[in-house]
Protein chains: 2
Amino acid sequence: MPATASSARSERPEAAPKKGGIRRAKEAQILRAAERVFARTGFAGARMADIAAAARLPKPNLHYYFRSKRALYRAVLANILELWLAETDIIAADADPAAALGHYVRAKMRFSRFYPDASRVFANEIIHGAPEIGGFLRQELKALVERKSAAISAWVAERRMAPLDPRHLFFAIWAMTQTYADFATQIEAVLGVPALGEDEFAAATEEVVRLVLRGCGLDGAPKSRVSAARPSRRRPPVGSSG
Amino acid sequence: MPATASSARSERPEAAPKKGGIRRAKEAQILRAAERVFARTGFAGARMADIAAAARLPKPNLHYYFRSKRALYRAVLANILELWLAETDIIAADADPAAALGHYVRAKMRFSRFYPDASRVFANEIIHGAPEIGGFLRQELKALVERKSAAISAWVAERRMAPLDPRHLFFAIWAMTQTYADFATQIEAVLGVPALGEDEFAAATEEVVRLVLRGCGLDGAPKSRVSAARPSRRRPPVGSSG
DNA sequence: CAATTTTCTGACCGTTTGGTCAAGTTCTCC
DNA sequence: GGAGAACTTGACCAAACGGTCAGAAAATTG
């Protein structure tokens, strides 16, 4: 897949893939601003003028790089889907169920911590019926879940973990981890803190990991506590899969 | 708390609590339609004309009963919060942790099944920073979680369940159960079904219950499998509480 | 250093949308 | 049954918003 976000999900060539020098930088700048605004107010609530202001550019400049509001929104989504898949792919052919699931949950929690706006845009899109990424969900995501589920089912068959439907396990893990981004406002309110900082996320991560592992019948101390380094945005650690 | 939804969260008297005969019925009719439309497109995306159409009323009629779009939105939210709290209150002073948590999860899953639009409006509001119900989250909800958490902490202290932070357990349960309403589109796509029916919800409920109970160190067969009767909307089973 | 392409931007426009209004119609209650 | 309140609605705004355009500035190129 070409890295240029403006190519969205291909479809039409959309302004030919000219690799203008300035273009790439400005598009990224606009996409960042757009992600923030879309996350805060949703697609309909976001105003092009606000995005322009957030990107510190005059409004017509946005339309120079992105045909329309919807095109910009789709570009933002395309950007996010890449990230989402990359993080999800971490659950590789790890030999040990506990380690694999632990890594996966931790990766998801890092995602919620470092890309909360991306998570919120994604959540918003799905809540409203996924009008733009329905195809992605039914194709790529479904296929990915089926691949990963096969591995987990194997572990279940080998009595290496409690019997469960892997697909619902995925739903549960996605929900539990993404809630720390999407519902951060609620969590902050209940915890009585102004914002979820490193401490809160560390605590939350441990709780979720324990809950998931125990829930899967996988006790024992979690192995590697990888330092919570910020994953590089443009070159995510795309592990194998299959 | 007065049942009239239009009283919202009080604040201003808002059109005096006149109990017009027709008023009550029409307001309910409008609120139902508004909930559906707000759930599908969010606050900003919803158009008064669409709500009017959904309610089968001319647009000015909406403004006769609700001052403004925002007032209508708040009324819808107030409606939802009542429901939300009621369902949450089910986790009473149940003697048995497994039974209590099991009941709670099942109640939440019923909520997702029967009031998906309510759940989506709520989710939307929170994702966008809870501009209207921030106070509710910091007051009522926080207090409720603290009360319930005390009970769970007691169980933990008595070694009746695995050690964990009850607040994060709540976040996890909310996330896992609400995802079947808010993210139904995604789940349907991954499962490859056109809609989540009774079968899917039954299966999902069992998976989530097992995951939670096992995750809390509470194994053993789930006790009562209460028939999944639709809870009455206006008179929810308000149990006592702490 | 032209010539030409790419990038930038102030001013402008057509539509959409929340909200209003005044003139009805129906209900309520004595 | 009639006076007054409650309710209904077609016609109408003003503001907001996505999008356009023509011309100016930079970049790029030969």
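Reminder, nothing fancy here: chain letters follow the sequence lines and each chain counts from 1.
Spacing between atom CG of A/L72 and atom C1' of D/dG19 amounts to 13 Å, rounded to whole angstrom units. The NE2-P distance, from B/H63 to D/dG10, rounds to 16 Å in whole Å. Spacing between atom CZ of A/R24 and atom P of C/dT7 amounts to 12 Å, rounded to whole angstrom units. In this structure, the OH atom of B/Y65 is 18 Å from the C1' atom of C/dT20, given to the nearest Å. Rounded to an integer number of Å, the gap from A/L57 CG to D/dA25 C1' is 15 Å. Atom-to-atom, CG of A/N61 to C1' of C/dA11 comes out at 16 Å; the value is rounded to the nearest Å. Atom-to-atom, CZ of A/R70 to P of D/dC17 comes out at 21 Å; the value is rounded to the nearest Å. Look at NZ on B/K26: it is 8 Å from C1' on D/dT8, rounded to the nearest Å.
Judged as a salt bridge (Lys or Arg N to Asp or Glu O under 4.0 Å), and not counting sequence neighbours, A/E188 has no contacts. Every residue meeting the side-chain contact (heavy atoms from CB on, under 4.5 Å) condition with B/T205, not counting sequence neighbours, appears here in chain and number order: B/R106, B/M109, B/V209. For A/F201, there are no ring-ring contact (aromatic ring centres under 6.0 Å, His included) partners at least two apart in sequence or on another chain. Residues passing the salt bridge (Lys or Arg N to Asp or Glu O under 4.0 Å) test with A/D50 are A/R47, sequence neighbours excluded. In terms of the salt bridge (Lys or Arg N to Asp or Glu O under 4.0 Å) criterion, A/E200 has no residue partners (sequence neighbours excluded). Here A/F183 pairs with nothing under the ring-ring contact (aromatic ring centres under 6.0 Å, His included) rule; sequence neighbours left out. Residues satisfying the side-chain contact (heavy atoms from CB on, under 4.5 Å) test with A/K26, not counting sequence neighbours, are A/I22, A/Q29, A/L57, A/Y65. With sequence neighbours excluded, the residues satisfying side-chain contact (heavy atoms from CB on, under 4.5 Å) with A/H63 are A/M48. The salt bridge (Lys or Arg N to Asp or Glu O under 4.0 Å) test applied to A/R120 returns A/D117, not counting sequence neighbours.
Terminal axes of the helix from C/dC1-D/dG30 to C/dC30-D/dG1 (five pairs each, C1' rotation axis) are separated by 20°, to the nearest 10°.
Because its NZ or CZ atom is both nearer than 6.0 Å to the ring centre of A/F43 and within 45° of the ring axis, A/K69 counts as a cation-pi partner of that residue.
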Could I get a table of every N or O pair under 3.5 Å where one atom is in the protein and the other is in nucleotides 21-28 of chain C?
none

Write out a two-atom table: protein N or O, nucleotide N or O from nucleotides 14-17 of chain C, distance below 3.5 Å.
from, atom 1, to, atom 2, distance (Å)
C/dT17, OP1, B/R47, NH1, 3.0
C/dT17, OP2, B/R47, NH1, 3.4

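A/S149 and A/R167 make their closest contact through OG-CG, 3.7 Å (heavy atoms, listed as atom of the first residue, atom of the second, distance).
For C/dT7, one of the phosphate oxygens OP1 or OP2 lies less than 4.0 angstrom from a side-chain nitrogen or oxygen of A/R23.
Listed nucleotides: D/dT20, C/dT7, D/dC7. Nearest to the side chain of B/Y64: D/dC7.
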